[in-house]
Amino acid sequence: MADLRQMIKAHPLTPPLEADLLATTLNEVRMCAQFCVLCADACLAEDKVEAMRECIRRCLACAESCEATAHQLVRYDERDRTILYSQLQASAVATRVCAEECERHAEAMEHCRICAQACRNTLEAFHEAIDALA
């Protein structure tokens with residue numbers, strides 16, 4: 001199986017972040033997107049789906065933001081550093097808001113507890129990447 005770090009190091013341009021940090025951030029961001037989609041789908045399966053409307057919206061917004069960020073992370077054009085920095089910040093906000101919403105339901109719904117934890121892990125990765133770009 002190909003290793004993400006190998007691919008990053010094989011790229012002829014210098015990555016926007018150090019290879020290990022970039023690989024870790026990419027893995028966290030993509031994983032968070034999947035957790036959020038799964039959580040939104042689980043919310044739709046709940047008996048009182050109306051009560052989960054905001055959680056579904058937050059999860060889907062977070063997933064979309066994480067996917068967009070993952071795409072930006074693998075573009076190495078130096079001119080895009082400002083865009084990447086802004087994208088990371090915006091995605092961190094979407095991830096934090098999703099975590100907060102899922103935490104509101106975490107005691108009653110295991111899928112929300114798991115999603116909130118995934119968001120918190122990703123939020124840490126975002127902050128590390130933002131600090132590295134600053």
Side-chain angles (χ1 to χ4, degrees):
M1 177 183 280
D3 182 85
L4 185 55
R5 286 168 184 79
Q6 287 177 308
M7 186 62 183
I8 291 166
K9 290 175 182 177
H11 197 292
L13 297 177
T14 303
L17 300 169
E18 180 271 324
D20 286 339
L21 178 57
L22 179 56
T24 298
T25 305
L26 273 167
N27 284 330
E28 285 292 334
V29 168
R30 290 208 164 111
M31 185 71 72
C32 187
Q34 295 305 307
F35 274 71
C36 288
V37 170
L38 282 164
C39 188
D41 192 64
C43 288
L44 287 169
E46 292 292 341
D47 290 335
K48 296 183 179 180
V49 70
E50 299 82 22
M52 302 307 297
R53 189 172 288 141
E54 192 63 27
C55 193
I56 295 165
R57 285 188 175 120
R58 301 288 187 196
C59 284
L60 293 177
C62 183
E64 290 168 1
S65 183
C66 283
E67 288 295 334
T69 299
H71 290 291
Q72 283 295 149
L73 281 166
V74 295
R75 298 188 61 214
Y76 292 178
D77 188 340
E78 183 64 31
R79 295 170 294 182
D80 290 338
R81 285 180 74 85
T82 303
I83 295 168
L84 177 58
Y85 185 82
S86 297
Q87 180 67 37
L88 286 165
Q89 288 180 313
S91 205
V93 170
T95 302
R96 178 185 49 78
V97 169
C98 183
E100 290 169 355
E101 181 62 28
C102 281
E103 286 164 351
R104 291 182 53 233
H105 307 282
E107 282 189 37
M109 295 169 202
E110 181 71 0
H111 56 85
C112 284
R113 186 195 63 74
I114 294 167
C115 186
Q117 185 58 57
C119 287
R120 292 291 179 197
N121 294 343
T122 303
L123 200 51
E124 288 180 31
F126 280 141
H127 290 303
E128 287 181 39
I130 288 165
D131 290 346
L133 282 174

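In this text the structure is predicted, and so the values were computed from the model without any measurement.
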Exam field: side chain S91 to backbone Q87, donor-acceptor pair closer than 3.5 Å: no
Spacing of L133 atom CG and Q89 atom CD [to the nearest 0.5 Å]: 9.5 Å
Over all atoms of both residues, closest heavy-atom pair of T122 and E28: OG1-O, 3.2 Å
N27 CG to N121 CG distance, which is reported to the nearest 0.5 Å: 12.5 Å
Exercise: identify the closest heavy-atom pair between A92 and I130: CB-CD1, 4.4 Å
Counterpart residues, side chain to side chain contact (heavy atoms under 4.5 Å, CB included), relative to A129 (two or more places apart): L17, T25, L88
Intermediate values then yes/no, salt bridge (charged side-chain N to carboxylate O under 4.0 Å, His left out), R53 and E50: CA-CA 5 Å; R53 189 172 288 141; E50 299 82 22; 5.6 Å; no
Salt bridge flag under 4.0 Å for residues R104 and E54: no
Check against side chain to side chain contact (heavy atoms under 4.5 Å, CB included), H71 and R75: CA-CA 7 Å; H71 290 291; R75 298 188 61 214; 5.9 Å; no
Under 4.5 Å side-chain linkage, directly or through intermediates, the cluster mates of V97: V93
Path from L44 to L38 over hydrophobic side-chain contacts below 4.5 Å: no
C43, C59, C62, C36 screened by side chain to side chain contact (heavy atoms under 4.5 Å, CB included) with C102, the one that passes: C59
Non-hydrogen atoms of V29 and C66 that approach each other most closely: CG1-O, 2.9 Å
For the student: nearest non-hydrogen atoms of I56 and A40, plus distance: CG1-O, 3.9 Å
Distance in Å, L22 CG paired with M7 CE, rounded so as to fall on 0.5 Å steps: 11.5 Å
Side chain to side chain contact (heavy atoms under 4.5 Å, CB included), paired with E101, selected from M52, R57, R58: R58
Heavy-atom check, side chain of S65 versus side chain of T95, under 4.5 Å: no
D47 atom CG, over 12 foreign heavy atoms within 6.0 Å: no
Distance in Å, H127 NE2 paired with L123 CG, rounded so as to fall on 0.5 Å steps: 3.5 Å
Residues that, via side-chain heavy atoms closer than 4.5 angstrom, fall in one hydrophobic cluster with F35: M31, I114
Reported SG-to-CD distance for the pair C115 and E103, which is rounded to 0.5 angstrom: 10.0 Å
D41 side-chain N/O to V37 backbone N/O, donor-acceptor pair under 3.5 Å: no
Nearest heavy-atom neighbours spanning A51 and H105: O-CE1, 4.1 Å
Non-hydrogen side-chain atoms of R120 and E124 separated by less than 4.5 Å: no
Gap separating the SG atom of C119 from the CZ atom of F126, nearest 0.5 angstrom: 9.0 Å
